[in-house]
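I have placed the structure first, in the form of structure tokens, so that the comments after it can refer back to it.
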Amino acid sequence: MIDRSIFALPGVRRVLAALAASSTARALLVAGQALALASAVVGLWEGGALADQAARVAVFLACFVGRQLLASVQEAHLERYASERADELRRRLLLRVFEGGAGVVQARGTGNVATLVVEGIDQVETYIRLILPKAVGVVAVPLVLLLWIFPLDWVSGVIALAMFPFIVLYMVILGHTAQDEAAKQHATFQALSNTFVDALRGIDTLKLFGRGRSFGASIYEASERFREATMKTLRVATLSSSVLDLFATGALAAVAIMLGFRLVDGALPFFPALAVLIMVPEYFKPVREFAADYHASLDGKNALRSVLEIVEEEPAADDAALRGAAALPLWSERATFEARGVGFSYADHRVLDDVRFSVRGNARVGIVGASGAGKSTLVGLVAGFSRPEAGLFVLGGVEVGDLHRSDWQRQIAYIPQNPYIFHATLRDNVAFYCPDASEADVERAVAAMGLDALVAELPQGLDTLVGEGARALSGGQAQRVALARAFLDGERRVLLFDEPTAHLDIETELELKERMLPLMRGRLVFFATHRLHWMVDMDTVLVVEDGRVVEAGDPAELAGAGGAYARLALQMGGEAA
């Protein structure tokens, strides 16, 4: 019923030891409350004065206050521990996604991974906070109370001892049923998350082809499947909790009836009977709370399993696996870059096949082709975001199966079509690659990329919050921020552009072009675009058709050769001429 992986979390043994000690102490305080209250009531029953019971009432109140203080300390300690473990798991999950690249996200779906990062970790935190004290309490509290119940009344002790494992066994059976339903609900939620995110990312395409309404119907069907799975899980949880309450109430009733019969017969004094009657509900309380919180924590249990599957997955090619391999050289004017037979597929669809090309030194390489030809995928492979299924790369004479290596990725600056603007100040966004950059360097990068006008209109200038939930930036402004990042970090000698101006109007693009071309000097540049006017400023052009590099060479020579590049230019209205 409990995911054993929770017991492998760092520091969990120390927490379990503290919980065992606090649960034992709380059980002793419960026994103290019961004995003091029973003694005071019996004293009054036998005609004693109320003032004579003051000491016993004081003991009862002291035990009650002690229980509450102990519970507060335990809860605060657990919240701190659960928060620390959640933060650590979130960091490991994000690091694994970053290191694993697109393959990790593609294998599980963008929506699923995003949901795990945002909501799943919070569910794991709740799971840790709920399940650990209940798992310890269900063992420690009944055991301690049983040691007090047996000396007071062995018959009640036998009834309580006999009923407890029966309730636990039934709880296990119901728990498996609830777990199956919760697993189905979790899988349905993952599918819904992926469907929704895919629709959100492709909403412009869906509207363009008039598929918005039909795709909306598929989202509705996915949400209905999730609703049905949720209702089944809630039905099982509600029914099982009710049945467990019924068994626990029946056990308590059996103890009370036996106590009543023996009190009437005079076989049992009033004090032990009353003390046992007060203790027995507390004896069954942990198992009832465990059952209730078990159903409430199933989402966290499933989320923990999903998170650990990702973070503990063996990377296909990690830096640790590359120990002993030759280090990739720093890019220089004499360095060479070569692709030999590189291939890549998404699911069963072959995107790149037998890609071959080579460049030398600080060349500017344009990558052109029709939409869907594989330009962005090729840039992703060069960036090390994805790993090729076939072929290899050669950098400075060093052969590598993929470029998912820190000694390569520290050399590159990647500028996509939609640069990410973090929820931070404009200064922090510009200094993303160089957080320790000086004020003068940041201002120089801002001026070089034409961000002066934006800074002037912001209320706090460079210290204004931008990004999600703050001041929004236009597409052109976001691109300037991305370019300023690359400008500020002069150590990165390789620039990768993936359709950086695809969503910009031509006036904004031409203005940005004046800022971008100087940035390319003295660097190796891969520039993927479908706008061919960029090619006149490139040293080499790679023409991609159906996942293959069908032409490579000087843009002017290719334009006059009448081949694939010339045909592409003709389709674009002679833009590259």
Side-chain angles (χ1 to χ4, degrees), residues 1-20 23 74-75 77-100 103-105 107-109 112-140 168 171-190 193 229 233 236-237 286-287 289-316 318 320:
M1 295 180 65
I2 302 175
D3 193 333
R4 295 183 180 180
S5 58
I6 197 174
F7 299 118
L9 295 176
V12 73
R13 292 186 178 181
R14 173 176 50 83
V15 173
L16 290 175
L19 287 173
S23 296
Q74 175 181 291
E75 184 176 355
H77 180 63
L78 271 172
E79 284 188 358
R80 184 168 58 253
Y81 175 76
S83 178
E84 291 173 355
R85 296 287 75 78
D87 290 342
E88 180 188 8
L89 284 172
R90 181 178 283 110
R91 179 187 61 79
R92 291 175 61 192
L93 177 60
L94 291 172
L95 182 62
R96 179 71 189 96
V97 171
F98 178 77
E99 291 181 341
V104 174
V105 178
R108 294 164 179 85
N112 180 26
V113 174
T115 302
L116 280 179
V117 173
V118 178
E119 296 183 6
I121 298 296
D122 291 338
Q123 293 171 342
V124 171
E125 181 178 352
T126 302
Y127 178 62
I128 295 173
R129 183 167 47 83
L130 288 178
I131 210 67
L132 287 180
K134 299 303 185 292
V136 174
V138 81
V139 176
V168 171
M171 184 172 64
V172 170
I173 296 173
L174 289 176
H176 284 303
T177 304
Q179 172 60 39
D180 292 341
E181 294 297 334
K184 295 176 183 177
Q185 180 203 25
H186 187 64
T188 322
F189 181 64
Q190 290 176 327
S193 300
T233 304
V236 171
V287 72
E289 288 182 341
F290 181 89
D293 285 337
Y294 172 74
H295 296 301
S297 62
L298 281 175
D299 287 339
K301 179 180 178 181
N302 290 324
L304 176 62
R305 184 177 303 166
S306 298
V307 170
L308 291 179
E309 284 178 358
I310 296 177
V311 300
E312 295 178 354
E313 182 182 30
E314 189 68 24
D318 194 57

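What you see is a predicted model, and the numbers here were worked out from it, not measured in a lab.
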Heavy atoms, side chains only, cut-off 4.5 Å: are [X] and [Y] in contact?
X	Y	result
Leu304	Ile128	no
Lys134	Pro286	no
Arg92	Glu88	yes
Ser5	Arg305	no

Which value, rounded to the nearest 0.5 Å, describes the distance between [X] atom [atom1] and [Y] atom [atom2]?
X	Y	atom1	atom2	result
Leu9	Leu16	CG	CG	10.0 Å
Glu79	Glu125	CD	CD	8.0 Å
Arg14	Leu19	CZ	CG	10.5 Å
Ile121	Thr126	CD1	OG1	11.5 Å
Ile6	Leu308	CD1	CG	10.0 Å

Pair Arg90-Asp122, side-chain contact (heavy atoms from CB on, under 4.5 Å): steps then yes or no = CA-CA 9 Å; Arg90 181 178 283 110; Asp122 291 338; 3.3 Å; yes
